[in-house]
Amino acid sequence: MLDLKYLRTNWDKVKHIVELRGESVDIDELKQLDHQRRQLVKECDTKRAELNHLTREIGKLKREGRDDPKLIETARQLSAEISHLEERLRSIEAKFMHLLLWIPNIVHASVPLDEPKILREVGKPFEHKFDGLDHFTFAEQLGMIDFVRGAKIAGSNFPLYIGWGARLERALINYMLDFHVKRGFKEVFTPFVANRQSMIGTGQLPKLEDDMYHIEREDFFLNPTAEVTVANLHREEMLPEEKLPLRYVAYTACFRREAGSYGRGTRGLKRVHQFNKVELFSFAHPEHSYEELEFLLNEAEEVIKSLGLRYRVVLLPIHELGFAAAKTYDIEVWAPVSREWLEVSSVSNCEAFQARRAKIKFRTKHRTDYVHTLNASGVATPRTFIAILETYQNPDGSLTVPEVLRPYLDGKKRIP
RNA sequence: GGAGGGGUGGCCGAGUGGACGAAGGCGCCUGACUCGAAAUCAGGUUCCCCGCAUAAGCGGGGACGGGGGUUCGAAUCCCUCCCCCUCCGCCA
């Protein structure tokens, strides 16, 4: 949610940004509703003040044991009038909020307007001296992932990790959690569902309703990213200023319907309905949130680097930003067999956009203000898994275990 | 799922229809005392919205779990939903 004061003085700018980000919100209607709303608030407040006077007068008389039917009748009428005004105000406010929730965040000045900007490539260009197998074929051959049985249990694109596949997946999760915990992040293990209010708080709703799994009876949504559950951990709270930045790391399973994305290029682990992710999240002071963004980016890069994978960092252009983000870096790892870059991490500063929706504030001596929220995958496992299989496979059909994962796999150097 | 009890400010806790400030305590801030601190004393200490001034501020309105209602007037009465506790039932 945007700052209303900013919105009121920047209608045209907001209109432009909404367009650039590919959203369609009727800004003119919003502007009109805001005007009507404020007019009505003024009117209601004035009449309420009047009624408060009358009410106090009546109370005073009552205490003296007296009565004034005329005064009460006047108050009765005024009260009825206010009821009508407030009813109108409520309906206008509802419309106003409804529209407001569809406005994406404003963007940071450094965000490109046209093309993604590749900031750096890290790690040597890597080629196998033999004909490598793509991750799908290799994983099935080693019995690590059973896509057919996964589909039997749930549906297509619900991968079933099995044997060494399951162990490697768990090793990855545990390794990354430990990595970030050692570097000062507080670990949380959150619910894998969240309610409607939480989803509005981080900006998944209203826009992404169709992209999430919904549990109708309880009106829960399956967690699409721990960004949601961790951000809402402090919803409607006042955080002490000296505690910022508050850094969390969370493992969650993530669920996405991926509506409309079936077809080519979705074989294997590239695009799945359920996946694992270790997420970093920061509640930061507004004055230091862009330093925090760089910090989180570095944190995610370090974990990928430690796995010995080649990657690049991309600064996303305006039209590729997520709804709540003001600035986003993507990290993509190199898959040497399929010869492509795969996104494994998204590092974003949402500034006060989510904090405003979710009412997450901090207190200083003289005022209160919204925190800035930042999230970074640290990182998502499926495509990391792909990169590992494609990078570390050997001509004899075995897989070399990346060194940092060996302690999590009984010290094993090769699979099987 | 059933029965009962509860949800009040940063925290504890009083308050069952009317008094400008929701008592009191704790914590915190400022000042006095002190070489300094503790103790003591005095004062201050919620958030949101609208408007004016925008450096602090001032005026008005609203908020006692959320929403709705009764009433001239609701923390207090009614309806509804959520959450916590106790007991019972069911169940992994």
Side-chain angles (χ1 to χ4, degrees), chain A residues 1-10 30-101 153 190-201 205 215-221 229 232-244 246 283 286 352-371:
Chain A
M1 195 162 83
L2 299 186
D3 177 25
L4 290 185
K5 282 184 190 117
Y6 176 87
L7 186 65
R8 265 178 219 137
T9 45
N10 294 281
L30 192 74
K31 189 173 171 179
Q32 209 187 341
L33 285 169
D34 181 54
H35 183 72
Q36 286 176 24
R37 186 179 72 92
R38 283 191 292 159
Q39 287 276 292
L40 268 174
V41 165
K42 218 198 260 182
E43 211 175 326
C44 283
D45 283 0
T46 312
K47 289 202 191 281
R48 273 230 168 261
E50 209 178 311
L51 180 64
N52 285 346
H53 276 115
L54 291 179
T55 292
R56 263 174 232 138
E57 197 57 34
I58 292 167
K60 211 159 114 194
L61 290 175
K62 274 267 195 247
R63 257 171 278 120
E64 290 166 5
R66 291 194 288 151
D67 229 353
D68 189 343
K70 249 193 192 161
L71 207 56
I72 289 178
E73 182 51 32
T74 312
R76 197 200 310 274
Q77 277 172 24
L78 190 56
S79 177
E81 231 174 285
I82 290 169
S83 287
H84 282 113
L85 284 175
E86 282 181 342
E87 205 176 308
R88 260 178 68 203
L89 181 60
R90 267 203 296 275
S91 111
I92 284 171
E93 216 139 49
K95 276 187 214 159
F96 179 75
M97 272 314 282
H98 178 80
L99 275 183
L100 192 62
L101 289 178
I153 296 165
T190 69
F192 286 3
V193 297
N195 56 34
R196 190 167 284 275
Q197 195 56 45
S198 294
M199 288 297 170
I200 291 170
L205 290 178
I215 298 168
E216 216 168 307
R217 196 188 294 232
E218 275 82 13
D219 200 20
F220 289 156
F221 294 86
T229 53
N232 280 283
L233 194 147
H234 288 304
R235 172 153 53 89
E236 285 149 55
E237 285 185 28
M238 194 80 80
L239 306 170
E241 186 180 25
E242 67 274 11
K243 275 200 179 170
L244 304 178
L246 217 49
F283 299 86
F353 186 84
Q354 293 178 326
R356 255 181 238 112
R357 287 179 168 234
K359 299 188 178 71
I360 308 166
K361 310 189 80 173
F362 69 97
R363 184 201 299 278
T364 71
K365 241 181 187 175
H366 300 292
R367 69 196 172 94
T368 61
D369 197 3
Y370 293 104
V371 299

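The figures that follow rest on heavy atoms only: side chains count, while hydrogens, waters and symmetry mates do not. Below, chains carry the letters A, B, ... as their sequence lines are ordered, and counting in each starts from 1.
Among the atoms of the strands shown, only primed sugar atoms or phosphate atoms (P, OP1, OP2) are found under 4.0 Å from some heavy atom of A/Leu51. Within 4.0 Å (heavy atoms only), A/Arg8 reaches sugar-phosphate atoms of the nucleic acid but no base atom.
Computed from coordinates, the A/Arg217 CZ to B/rC82 P distance equals 14 Å when rounded to whole Å. Residue A/Leu54 contributes atom CG, which lies 14 Å from atom C1' of B/rG18 at whole-angstrom precision. Note: CG (A/Leu7) to C1' (B/rC50) measures 16 Å, nearest angstrom. Rounding to whole angstrom units, CG of residue A/Asp45 and C1' of B/rG51 are separated by 9 Å. Distance A/Glu87 CD to B/rG68 C1': 11 Å, rounded to the nearest Å. To the nearest angstrom, P of B/rC48 lies 13 Å from CZ of A/Arg356. The distance from atom CD of A/Glu57 to atom C1' of B/rA19 is 12 Å, rounded to the nearest whole Å. The CD1-C1' distance, from A/Ile92 to B/rC50, rounds to 15 Å in whole Å.
Residue A/Arg90 places at least one side-chain N or O under 4.0 Å from the OP1 or OP2 atom of B/rG68. In this model, the phosphate group of B/rC49 is not approached by any side-chain N or O of A/Arg37 to a distance below 4.0 Å at OP1 or OP2. Between A/Arg48 and the phosphate of B/rG61, there is no side-chain N or O to OP1/OP2 separation shorter than 4.0 Å. Considering only side-chain N and O atoms, A/Asn52 lies nowhere under 4.0 angstrom from the phosphate OP1 or OP2 of B/rC20. Listed pair A/Ser79 / B/rG73 meets the phosphate criterion, a side-chain N or O lying under 4.0 Å from OP1 or OP2.
Nucleotide B/rA39 forms no Watson-Crick or G-U wobble pair with any nucleotide shown, as no partner meets the under 3.5 Å limit on both distances. In this entry B/rC28 has B/rG44 as its Watson-Crick or G-U wobble partner, both defining distances falling under 3.5 Å. Across all strands shown, B/rA92 forms no Watson-Crick or G-U wobble pair with both key distances under 3.5 Å. In this structure B/rA22 sits in no base pair that meets the Watson-Crick or G-U test at under 3.5 Å. Under the Watson-Crick and G-U wobble criteria, each requiring two contacts below 3.5 Å, nucleotide B/rC87 is paired to B/rG2. Across all strands shown, B/rG15 pairs with B/rU8; the Watson-Crick or G-U wobble distances both stay below 3.5 Å. Pair assignment for B/rC58 gives B/rG51, based on Watson-Crick or G-U wobble hydrogen-bonding distances that are each under 3.5 Å. Nucleotide B/rC64: unpaired (no Watson-Crick or G-U wobble partner with both distances less than 3.5 Å).
The gap from the P atom of B/rC72 to that of B/rU16 amounts to 23 Å, rounded to the nearest Å. Rounded to whole Å, the P atom of B/rA14 lies 25 Å from the corresponding atom of B/rC47. Nucleotides B/rC58 and B/rA53, compared at atom C1', are 8 Å apart to the nearest Å. Taking the C1' atoms as reference points, B/rG59 lies 15 Å from B/rC20, given to the whole Å. Comparing the same atom, C1', in B/rG65 and in B/rG6 gives a spacing of 11 Å after rounding to whole Å. Using atom P as the reference point in both B/rA19 and B/rA63, the two lie 14 Å apart (nearest Å). Nucleotides B/rG9 and B/rC64 have their P atoms positioned 10 Å apart, rounded to a whole Å. Nucleotides B/rC12 and B/rC90 place their C1' atoms 38 Å apart, quoted to the nearest Å.
The side chain of A/Lys42 lies closest to B/rG51 when the candidates are B/rC47, B/rG51, B/rC72. Closest to the A/Val41 side chain, of the nucleotides B/rC49, B/rC72, B/rG51, is B/rC49.
Side-chain contact between A/Met238 and A/Phe362 is absent, with no heavy-atom pair separated by less than 4.5 Å. Side-chain atoms of A/Gln197 and A/Arg235, non-hydrogen and from C-beta on, do get closer than 4.5 Å to each other.
Looking at A/Gln77 and A/Glu73, their side chains do bring a donor and an acceptor atom within 3.5 Å of each other. For A/Asn52 and A/Thr55, the side-chain atoms include no donor-acceptor pair closer than 3.5 Å.
Under a 4.0 Å N-O distance rule, the pair A/Arg37/A/Asp34 qualifies as a salt bridge. Ion pair A/Glu93/A/Arg90 not flagged as a salt bridge, since none of the NZ, NE, NH1 or NH2 atoms sits closer than 4.0 Å to an Asp/Glu carboxylate oxygen. Under 4.0 Å is where a charged nitrogen must lie from a carboxylate oxygen, and between A/Lys361 and A/Asp369 no such pair does. A salt bridge links A/Arg48 with A/Glu86: the closest approach of a Lys/Arg side-chain nitrogen to an acidic carboxylate oxygen falls below 4.0 angstrom.
In terms of position along RNA chain B, the nucleotide closest to A/Asp34 lies nearer the 5' end than the nucleotide closest to the other residue of the pair A/Asp34 and A/Ser83. The residue among A/Ala49 and A/Leu4 whose nearest nucleotide of RNA chain B is located toward the 5' end is A/Leu4.
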